*Asks:* 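Below is one structure. I have some questions about it.
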2 protein chains.
Amino acid sequence: MDGFQPPGRLVTLTDVAREAGVGESTVSRVLRNHGSSSKRARERVAEAVARLGYVPNRLAGSLAGPGASAQLAGVIVPSLANVVFPDLLRGLTGALDAAGIRCVIGVSDYDPDREEALAAALLSWRPAALLLTGLEHNPGTVALAKAGGVRVVEMIDTDGAGIDAVVGFSNRAVGAASARHLVARGYRRIAYLGHDLQVDLRAGKRLAGFEAALGEAGLSLHGREIRPGPSSPGSGRAGLETLLARHPDLDAVYFSNDDMALGGYFACLAAGLSVPGRIALFGFNGLDFAAAMPQPLSTVRTPRLEIGRQAAASLIGEGPKRIDLGFELIEGATA
Amino acid sequence: MDGFQPPGRLVTLTDVAREAGVGESTVSRVLRNHGSSSKRARERVAEAVARLGYVPNRLAGSLAGPGASAQLAGVIVPSLANVVFPDLLRGLTGALDAAGIRCVIGVSDYDPDREEALAAALLSWRPAALLLTGLEHNPGTVALAKAGGVRVVEMIDTDGAGIDAVVGFSNRAVGAASARHLVARGYRRIAYLGHDLQVDLRAGKRLAGFEAALGEAGLSLHGREIRPGPSSPGSGRAGLETLLARHPDLDAVYFSNDDMALGGYFACLAAGLSVPGRIALFGFNGLDFAAAMPQPLSTVRTPRLEIGRQAAASLIGEGPKRIDLGFELIEGATA
DNA sequence: AACCGGATTGGCAGCGCTGCCAAAAGCCGC
DNA sequence: GCGGCTTTTGGCAGCGCTGCCAATCCGGTT
C-alpha cells in the first residue's frame, strides 16, 4: 500500500499525474472534485493516489489558491487548565471539522502581550479566521486582527464592543442574576471568593454585575477574598476557610466559578457546616460535577460548547455579528 | 501604524523590499536573522515592516524552505472532555511555543477511523511531527505516519510497541499498583466501576493490570459495572448506586478515573456510607480536586503535563525513543 | 463526410518565499 | 592607489499546487 519514495522527497501531485498518465490539472480537478472529469480519469487518479500513498500538500494548495488558506483557523485561549476553554475548543473543532477546517491553537496564559505575539504568529499561517477570547486586547492585537484580512470572532464575553463578530453571553448579567438569586433567597451577608481578577477579566465583570445588583438591593459585599493564581478546588477550600475565619457571620458565598465552589463545599463538609443552612454556596459555569453533588450546586450554566459551535458557524456561513447565547441559572440545593 | 493596502491583497515581502529600497533576499535574511546583513539594511527593513504592517506568509515560507513546514505539529487527541487531554496539550503547547511551533489539533472521539482521517488531514499541512494518543491505531494510520516523512510521537501509553517515539507510562502497571494497594489495605470484595472500555483502551489496560494483580493475590473482581458513555461524576454516582444495589457486601471500588470516583464519593455522602470504613474508593489521574476533598482521594497521579513537555522535547531535540515517566500512587484517605 | 457545441484535458504562469550564486561593496596593508 | 580578502547584496529559479485558457475529444447533426 505504501509506495517507497526516495526519503526526503514526498510524493507530489506531479508524481501522481505521471503515474496515472494524465495531466496535473486533471489530477488536481479530480482530487478536489472541482470542474468536470471523466470516469476513466477519476479511476486512474484514484489508483495512482492509492498506489503512491499521496497526501496533498495544502501549503502549496493554499498558496496557489485564491485569497489564502481558508482551511485553518487560529484560536487563542487564555488557558487550558480551566475546563471552559477545552469545552470551547470542543465545540469549535466539532463544528469546523465538518467544513474541513483545522484549529491552530495558542495559549496566552492571560497575558495580553503573549496574545498579541500569538496573533501575529497565527496570522502568518494565513488562516481563514482568528478566534479570540474576550473583548479586551492590546491595540496591536486589534490592529493585526483588522489588517490581517481574516474574519475575527471574539468568544465568551458580550459586555463591550468587538472587533468583528462576537459570540458569548453577558458576564455582568450573570453576576447580577446570581446576586438577585441570593438576595431573593434571603441571604444578606454575602462574600465573594475568587481567583486573580486582574488576570481573568471576565470574572471581574461578573463580580461587577454582582456588586451592582447587590447595591440595587441596598446591600454590599460582606467580605471578599481574592486568591492569587488560577482557580481550583484547593484554592476554593483554603479561601473559604480564610473567609470564615475573618467573617464568621457570613451566610452566603459567591464563587468565581464551580471549581472554587467545589472546594468551598469540601471546606464545609470538613468543618461540619451545614449547607445552605449555615452557609450558602453559589458557583459559576455549571460543570458536570455540580449536578452530581449530594446537594446539587447552585450555579449558572454557561453555553460553552454552543459558543464554540456558533463561533464556527459564524466563520463558515455569514451570520449575525453579535450572538448572545444567554445562560441558565440553576437553582441547586446549596443556595 | 496599520498601512492600508488594497483589500484582498496583503502586504508581501516584495512590498517590504520595495518600501525599504533593498532586495527581496535582503529582507528575507534580515527577518529570519539568517546570513549576514548590514545595520543599515536591518533598520530600513524594520521600518518598512512597521510602516506596512507586514506579516510574513509562512505558507510560502515553508513551501520554499527545505524539507517542509517544520513549524506546525499535528496533534490528535481522542477527546477534549476529559481533563487529561487538555493537560497534555498544555504541556505540549507550552514547550513547543518556545520553539515557535504551533499545534494543529484534531479530536478523534475515540474513533480509529476518524483518527486516520485526521492524520491524513493534518499531514497535508506538512507538519514537523504527528502526535498521537495511545498505541492502537488503524493500519492505515500507521502507514500514513510512517510514509509522512514526519516524526511521530505516541503519548500516554507505553504498554506495547510504538511507531517511533513513545512517551507515557504503563497503564497496566498503574492498574496493578492500585490493586496491590487495595489488597495490602485489607480489602477483599473489590469491584470495578468504569466507563466504556471498548472505546477507552487505556482504561481497559488498567483494568487488565488490576485484575492480574488481584489474581496474584488469589482474588478476583467482586463486581463490575461498565457505564456507557464518557466518564463523569454523574456517571460515577449512578454507577456506584447500581453496583451497591447488586453487591451490597462490597468493601472497595476501583474507578476508571477520578471523575468517576468523585461521583462515587458523592453517592456515599448522599447515602451516608462511611468512607473508607463501609466502602473504600480508589481513583486514577490525581486531578486537582482529589487533594481538596474532605478526605483526600486515594488515587494515582499521572504525569500528564510532563508527558506533553517530553513529547515536545522529543520533537525538537533528539532524545530517547521511549520515555516512561512513571506515576505516583497517592495514599489518600479513601482507600 | 464535414460540422457543431459541450465535455474533458494539458500546458503554463504565478502564489510568496527561500536558497544559491555571482556581483558589488567595503576593508586591509603595502 | 591597488590587489586580495571578507562582507553584504540582488537576481532568479523553483517549492507543489491551482486558475486560466486554448486544444482536443466526443456524440450527434446536417
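Here is how names work: the chains are called A, B, and so on, in the same order as the sequence lines, proteins then strands, and each is numbered from 1. In this text, all values refer to a predicted model and were calculated from it rather than measured experimentally.
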*Asks:* Got a sec, which residues hit salt bridge (Lys or Arg N to Asp or Glu O under 4.0 Å) with B:D200, two or more places apart in sequence or on another chain?
*Replies:* none

*Asks:* Using side-chain contact (heavy atoms from CB on, under 4.5 Å) as the criterion, list what pairs up with B:S124, not counting sequence neighbours.
*Replies:* A:V55, A:R58

*Asks:* Show the atom names and distances, to 0.1 Å, of all donor-acceptor pairs under 3.5 Å that link a side chain in residues 74-84 of chain A to residues at least two apart or in another chain.
*Replies:*
| unit_1 | atom_1 | unit_2 | atom_2 | d |
| --- | --- | --- | --- | --- |
| A:S79 | OG | A:A81 | N | 2.8 |
| A:N82 | OD1 | A:V84 | N | 3.1 |

*Asks:* Between the protein and nucleotides 8-10 of chain C, are there any N/O to N/O pairs under 3.5 Å, and if so, what are the atom names and distances?
*Replies:*
| unit_1 | atom_1 | unit_2 | atom_2 | d |
| --- | --- | --- | --- | --- |
| C:dT9 | OP1 | A:S38 | OG | 2.5 |
| C:dT9 | OP2 | A:S38 | N | 2.9 |
| C:dG10 | OP1 | A:G23 | N | 3.3 |
| C:dG10 | OP2 | A:G23 | N | 2.6 |
| C:dG10 | OP2 | A:T26 | OG1 | 2.3 |
| C:dG10 | N7 | A:S25 | OG | 3.2 |
| C:dG10 | N7 | A:R29 | NH2 | 2.9 |

*Asks:* A:R102: which residues meet the side-chain hydrogen bond (donor to acceptor under 3.5 Å, both in side chains) condition with it, sequence neighbours left out?
*Replies:* A:D97

*Asks:* Walking along DNA chain D from 5' to 3', note the first and the last nucleotide with an atom under 4.0 Å from a heavy atom of chain B, and give both.
*Replies:* D:dT8 to D:dG16

*Asks:* Using salt bridge (Lys or Arg N to Asp or Glu O under 4.0 Å) as the criterion, list what pairs up with A:R304, not counting sequence neighbours.
*Replies:* A:D87

*Asks:* Pairs in or reaching into residues 72-86 of chain B: which pass salt bridge (Lys or Arg N to Asp or Glu O under 4.0 Å), with residues at least two apart or in two chains?
*Replies:* none

*Asks:* Would you mind listing every side chain to side chain donor-acceptor pair (under 3.5 Å) that reaches into residues 21-31 of chain B, with sequence neighbours excluded?
*Replies:* B:S28-B:R32

*Asks:* Hey, what bend do you get for the helix from C:dA1-D:dT30 to C:dC30-D:dG1 if you fit axes on five pairs at each end, rounded to 10°?
*Replies:* 50°

*Asks:* Using a heavy-atom cut-off of 4.0 Å across all strands, would you classify A:R58 as base, sugar-phosphate, or nothing?
*Replies:* nothing

*Asks:* With sequence neighbours left out, write down each residue that passes side-chain contact (heavy atoms from CB on, under 4.5 Å) with A:D159, or none if nothing qualifies.
*Replies:* A:D157, A:S170, A:N171, A:R172, A:K205

*Asks:* Quick one: list whatever passes side-chain contact (heavy atoms from CB on, under 4.5 Å) with A:P230, sequence neighbours left out.
*Replies:* none

*Asks:* Could you tell me whether B:R309 and B:E306 make a salt bridge, using a distance below 4.0 angstrom between a side-chain N and a carboxylate O?
*Replies:* yes

